[in-house]
Amino acid sequence: MRLSKYFVPTLKEVPNDAVVTSHILMLRTGMIRMVSAGIYSFLPLGYIVMKKISEIIREEMDAIGGQEFHLPALNPKEIWEETGRVEAFGDILFHIKNRDYVLAPTHEEIVTYHARNVVKSYKDMPQIWYQIQTKFRNEPRPRSGVIRGRQFLMKDSYTFDNSWEALDRSYNLHDKAYRKIFDRCRLKYFVVGASSGAMGGTGSEEFMVKSDAGEDTVAYCESCGYAANVEVAASRIEGVKRKAESKSIYEISTPDVKSIDELCAFLKIDETQCAKSRIYVHNGEPVLILMLGNDEVNESKLVSVLGGNVRPGHPDELKEITGADAGSIGPMGFRGKIIADHRLKDANNMFSGANKNDYHIGGIDFQHDVKNVEYQDLRIVKSEEGCPKCEMKLEVFSAIELGHIFKLGTKYSEAMAAKFIDEKGEEHPIIMGSYGIGVERIMACFIEQHHDDKGIVWEKPLAPFDVHLIALNMKNESVASTSEKIYNELMQNGISVLFDDREAAAGFKFNDADLLGMPIQIVIGEKKLKDNKVELKIRKVNQRLDVDLTEVLNNIKMLFAE
RNA sequence: CGGGGUGUAGCGCAGCCCGGUUAGCGCGCUUGGUUCGGGACCAAGAGGUCGAGAGUUCAAAUCUCUCCACCCCGACCA
């Protein structure tokens with residue numbers, strides 16, 4: 001492709017609205033342009049990458065027996081009402097104004113609709129159906145460029161099985177296929193396992209990429225591969241050791257002391273001698289949560305311990321509940337349920353609020369002084385804490401969810417009456433699985449992981465072009481004709497070439513080439529041409545080699561063979 | 001939905017606080033010429049409903065109000 005005729009509007013300056021690296025680079029390289037919040041046009045260069053990723057996914061899905069569908073984005077609302085998901089999705093679901101249609105945010109309903117009409121016997125299964133198509137979700141807050149959009153390309157597949165064992169097989173096939181896909185896309189990723197009950201499934205895995213632009217926070221152990229969403233992550237951390245001598249409780253005047261840090265400074269004690277109090281309201285009843293020192297309450301863990309409706313107490317109701325404002329609340333004299341974090345179990349000589357403003361109590365013994373206390377793991381795991389599965393340490397960071405595989409079970413087949421007859425002639429709901437991959441997210445994550453201060457650094461599997469050919473001065477006859485020759489020679493040998501045949505200054509072209517980031521650059525200039533040489537530059541390592549004119553093709557083949 | 005911020009030429013910005021002639025700058029663009037190995041130079045030029053609407057005023061990019069769009073933080077999230 002000749003750059004002089006190709007629509008690649010590169011940007012020298014960083015666009016105002018872009019913050020995350022991948023978004024900035026996708027805009028600067030002319031891969032995408034925003035049309036509205038969370039809605040992007042893919043320009044030719046970006047679309048090539050999208051097609052390459054799609055093709056990798058397609059190959060791996062076909063390899064496990066997947067059958068590609070083309071499903072409608074416009075869905076009758078009544079199909080979605082069968083599963084109750086019009087309500088479940090709420091405002092996320094786009095509704096069409098002049099007809100009772102919705103824009104599909106995913107395709108469980110449509111696929112189940114087809115299955116129930118045709119998949120009637122155990123002999124009809126297993127089935128793996130997939131599609132790579134645009135999904136629509138009215139995200140309240142699109143962000144990070146293409147990473148969270150209102151319209152995005154998703155590969156989703158659905159499996160139909162006649163037993164739970166068969167579902168396990170379909171699920172494992174996807175697990176393997178996904179690993180191959182992300183490996184082929186040259187992504188560094190990890191897998192977070194979770195037993196998510198909310199959707200009625202029995203198991204799921206998330207494929208994640210570490211990134212500051214991510215919206216999930218995960219705890220990860222590089223050593224053993226333990227990975228968990230921070231909402232459920234556990235860690236190996238010691239509790240407080242009970243002291244031999246146990247003091248009695250006593251009241252201390254602590255004017256203007258609110259935080260644990262202030263309390264420690266005021267009393268010259270360590271934070272591991274303090275019990276921090278938090279008031280939550282559970283189904284209308286106050287609950288006191290006690291944490292060691294500055295440990296934070298993990299509200300997800302709290303919700304799973306308590307069940308029902310849990311919310312933090314409002315500042316203005318604290319005094320009514322405890323007799324004190326935030327900063328002076330504690331277990332002594334608290335009338336209501338008390339739950340303490342495991343680290344506080346059997347602690348003595350502890351300090352906590354007195355439920356009287358500007359007073360704290362010392363010498364608290366959790367064995368004697370705190371009645372009816374229940375101990376639970378309520379902490380938010382932090383970096384550097386011990387991995388629960390091995391001897392190494394955890395790292396906590398944000399991550400982007402690239403893909404999700406999910407054992408759906410019979411939720412949709414039951415709701416939509418998609419049933420089959422087994423060997424004994426009995427009727428059962430089809431057992432389903434659902435598996436998604438965000439195509440744009442692969443693209444964005446790749447760029448997040450493969451760039452430098454000059455621009456993107458593509459690897460061959462996803463690169464829009466294999467080679468960026470730079471003719472330094474097109475007005476020079478021999479430079480122009482040699483460039484044309486090499487351009488044609490490479491193309492005839494199946495190497496895709498972006499040919500910078502524009503009349504522009506050398507520096508301009510070099511910078512564009514580094515920004516666009518094709519794996520190999522070929523630079524053709526007068527000086528080296530006099531010795532029948534051209535320069536090859538390997539973008540990734542910034543290495544340049546002078547190569548004989550006749551050896552260009554061979555060298556490039558060798559470089560790509562590595 | 002809550003909090004914060006931005007909106008002026010294709011892009012990045014100044015001007016606004018303290019209202020006052022033809023609204024500037026850099027990049028890009030057009031034409032001509034000179035250059036040609038790391039975002040060149042000279043000359044001439046084109047390009048603006050100052051986000052939209054209403055108001056205050058002799059006079060509004062500038063002050064007031066309403067709305068809209070976009071970004072960030074939070075809430076929410078398949």
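So that the names make sense, note that chain A is the first sequence line, chain B the second, and so on, each numbered from 1.
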Participant: Counting Watson-Crick and G-U wobble pairs only, both distances under 3.5 Å, name the nucleotide matched with B:rA14, or none.
Facilitator: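 By the stated definition (distances under 3.5 Å), nothing pairs with B:rA14.
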
Participant: Identify, with sequence neighbours excluded, every residue that meets side chain to side chain donor-acceptor pair (under 3.5 Å) alongside A:Asn532.
Facilitator: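 None.
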
Participant: Mind calculating the distance between CG (A:Leu11) and P (B:rC11) to the nearest angstrom?
Facilitator: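 It works out to 9 Å between those atoms.
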
Participant: According to salt bridge (Lys or Arg N to Asp or Glu O under 4.0 Å), does anything in residues 440-454 of chain A pair up with another residue at least two apart or in another chain? List the pairs.
Facilitator: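 Of all non-adjacent pairs touching residues 440-454 of chain A, those that pass salt bridge (Lys or Arg N to Asp or Glu O under 4.0 Å) are A:Asp452-A:Arg539.
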
Participant: Take atom C1' in B:rU66 and the same atom in B:rG10, then report the distance between them in whole Å.
Facilitator: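 One C1' to the other, the span is 31 Å.
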
Participant: Looking only at atom P, what distance separates B:rC27 and B:rC42, rounded to whole Å?
Facilitator: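 My reading of the P atoms in B:rC27 and B:rC42 gives 10 Å.
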
Participant: Kindly write out the residues that satisfy side chain to side chain donor-acceptor pair (under 3.5 Å) with A:Tyr435, not counting sequence neighbours, or none if the list is empty.
Facilitator: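 Checked A:Tyr435 against side chain to side chain donor-acceptor pair (under 3.5 Å); matches are A:Thr159.
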
Participant: What does B:rC1 pair with, Watson-Crick or G-U, if both distances are under 3.5 Å?
Facilitator: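 The answer is B:rG74, by the H-bond criterion.
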
Participant: List in chain and number order the residues that pass side chain to side chain donor-acceptor pair (under 3.5 Å) with A:Arg33, two or more places apart in sequence or in another chain; answer none if no residue qualifies.
Facilitator: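 Expected list: none.
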
Participant: Give the B/S/- string for nucleotides 28-37 of chain B, one per nucleotide from 5' to 3', where a protein heavy atom under 4.0 Å of the base yields B, of only the sugar-phosphate yields S, and otherwise -.
Facilitator: -------BBB

Participant: Would you check if the distance from the ring center of A:Phe446 to the ring center of A:Trp458 is below 6.0 Å?
Facilitator: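 Centroid distance A:Phe446-A:Trp458: below 6.0 Å, so yes.
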
Participant: Roughly how many Å apart are B:rG4 and B:rG45, using the C1' atom of each and rounding to a whole number?
Facilitator: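 One C1' to the other, the span is 43 Å.
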
Participant: Can you say whether the rings of A:Tyr220 and A:Phe397 are parallel (under 30°), tilted (30 to 60°) or perpendicular (over 60°)?
Facilitator: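 It falls in the perpendicular class, over 60°.
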
Participant: Specify the separation, in whole Å, of atom CG of A:Leu27 and atom C1' of B:rG10.
Facilitator: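 Spelled out: CG on A:Leu27 to C1' on B:rG10 is 14 Å.
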
Participant: I'd like to compare against my own output: the B/S/- annotation of nucleotides 67-74 of chain B with a strict under-4.0 Å heavy-atom distance to protein.
Facilitator: ---SSSBB

Participant: To the nearest Å, how far apart are A:Arg33 CZ and B:rC11 P?
Facilitator: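 It works out to 9 Å between those atoms.
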
Participant: Does any donor atom in the side chain of A:Asp156 or A:Gln133 lie under 3.5 Å from an acceptor atom in the other side chain?
Facilitator: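 Note: A:Asp156 and A:Gln133 side chains miss the donor-acceptor criterion.
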
Participant: Tell me the partner of B:rG19, counting only Watson-Crick (N1-N3 plus N6-O4 or O6-N4) or G-U wobble (N1-O2 and O6-N3) with both under 3.5 Å; none if nothing fits.
Facilitator: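 In the structure as shown, B:rG19 has no Watson-Crick or wobble partner.
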
Participant: Could you give the distance separating B:rC29 and B:rG48 at their C1' atoms, to the nearest angstrom?
Facilitator: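 Rounded to whole Å, the distance is 15 Å.
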
Participant: Can you measure A:Lys537 atom NZ to B:rG38 atom C1' for me and round it to whole angstrom units?
Facilitator: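 Between C1' of B:rG38 and NZ of A:Lys537: 9 Å.
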
Participant: Take atom P in B:rA54 and the same atom in B:rC17, then report the distance between them in whole Å.
Facilitator: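 My reading of the P atoms in B:rA54 and B:rC17 gives 22 Å.
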
Participant: Could you tell me the Watson-Crick or G-U partner of B:rA60, where both distances fall under 3.5 Å? Say none if there is no partner.
Facilitator: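 Pairing partner, where one exists within any strand: none, as none qualifies.
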
Participant: Enumerate the ring pair (Phe, Tyr, Trp, His ring centres under 6.0 Å) contacts for residues 506-532 of chain A, please, sequence neighbours excluded, ordered by first and then second residue.
Facilitator: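 Found none.
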
Participant: Does the ring center of A:His404 lie less than 6.0 Å from the ring center of A:Phe406?
Facilitator: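 Yes: the rings meet the under 6.0 Å criterion.
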
Participant: C1' atom, B:rG26 versus B:rG39: distance in rounded Å?
Facilitator: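 Each nucleotide's C1' atom is 14 Å from the other's.
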
Participant: Using a 4.0 Å heavy-atom cut-off, does A:Pro140 contact any base of the nucleic acid, only the sugar-phosphate backbone, or nothing at all?
Facilitator: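 Base: the residue A:Pro140, judged by heavy atoms under 4.0 Å, touches a nucleobase.
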
Participant: Just how far, in rounded Å, is P of B:rC27 from CZ of A:Arg28?
Facilitator: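 That distance rounds to 17 Å.
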
Participant: Kindly list each side-chain donor-acceptor pair under 3.5 angstrom involving residues 38-47 of chain A, sequence neighbours excluded, with atom names and distances?
Facilitator:
{"unit_1": "A:Tyr40", "atom_1": "OH", "unit_2": "A:His23", "atom_2": "NE2", "d": "3.3"}

Participant: In terms of side-chain heavy atoms, does A:His450 have a donor or acceptor partner in A:Lys540 at a distance below 3.5 Å?
Facilitator: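 A:His450 vs A:Lys540: no donor-acceptor pair found between side chains.
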
Participant: With C1' as the reference atom in both, quote the distance from B:rA14 to B:rU8 in angstrom, rounded to an integer.
Facilitator: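 Between the two C1' atoms, the distance is 10 Å.
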
Participant: May I have the distance from A:Asn511 (atom CG) to B:rC27 (atom P), rounded to whole angstrom?
Facilitator: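 These atoms are roughly 16 Å apart.
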
Participant: Find the distance A:Phe136:CZ to B:rC77:C1' and express it as a whole number of Å.
Facilitator: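 Spelled out: CZ on A:Phe136 to C1' on B:rC77 is 19 Å.
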
Participant: Quick one: label A:Glu401 by what it contacts on the DNA or RNA (base, sugar-phosphate, nothing), any heavy atom closer than 4.0 Å.
Facilitator: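 The residue A:Glu401 makes base contact.
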
Participant: Which residues pass the side chain to side chain donor-acceptor pair (under 3.5 Å) test with A:Thr106, not counting sequence neighbours?
Facilitator: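 Checked A:Thr106 against side chain to side chain donor-acceptor pair (under 3.5 Å); matches are A:Glu108, A:Tyr158.
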
Participant: Contact list please: residues 173-180 of chain A against RNA chain B, heavy atoms, distance less than 4.0 Å, in numerical order.
Facilitator: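 Within this stretch, nothing sits under 4.0 Å of the strand.
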
Participant: Check every strand shown and say whether A:Asp512 touches a base, only sugar-phosphate, or nothing at a heavy-atom separation below 4.0 Å.
Facilitator: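 Counting heavy atoms under 4.0 Å across all strands, the contact made by A:Asp512 includes a base.
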
Participant: What's the gap between B:rG7 and B:rA52 when it is taken at their P atoms, as a whole Å value?
Facilitator: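 Result for the P pair: 13 Å, nearest Å.
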
Participant: Sort out the partner of B:rA52 for me: Watson-Crick or G-U wobble, both distances under 3.5 Å, none otherwise.
Facilitator: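 Partner of B:rA52: B:rU66.
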
Participant: Is there a Watson-Crick or G-U wobble partner for B:rC41 with both distances under 3.5 Å, and if so, which one is it?
Facilitator: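 Pairing partner: B:rG33.
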
Participant: With sequence neighbours left out, which residue pairs that include part of residues 522-534 of chain A fulfil the salt bridge (Lys or Arg N to Asp or Glu O under 4.0 Å) condition?
Facilitator: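 For residues 522-534 of chain A, and leaving out neighbouring residues, the salt bridge (Lys or Arg N to Asp or Glu O under 4.0 Å) pairs sorted by first residue read A:Lys528-A:Glu535, A:Lys528-A:Asp546, A:Lys533-A:Asp548.
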
Participant: Kindly write out the residues that satisfy salt bridge (charged side-chain N to carboxylate O under 4.0 Å, His left out) with A:Glu231, not counting sequence neighbours, or none if the list is empty.
Facilitator: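 If we apply the salt bridge (charged side-chain N to carboxylate O under 4.0 Å, His left out) test to A:Glu231, skipping adjacent residues, there are no hits.
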
Participant: Tell me which of A:Arg148 and A:Glu13 sits closer to the 5' end of RNA chain B, going by the nucleotide each one is nearest to.
Facilitator: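 That would be A:Glu13.
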
Participant: Hey, does A:Asp514 reach any base, or is it just sugar-phosphate, or nothing, if we go heavy atoms under 4.0 Å?
Facilitator: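 Base, at least one base atom sits under 4.0 Å.
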
Participant: I need the CD1-P distance between A:Ile24 and B:rC11, as an integer number of Å.
Facilitator: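 To the nearest whole Å, that distance equals 17 Å.
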
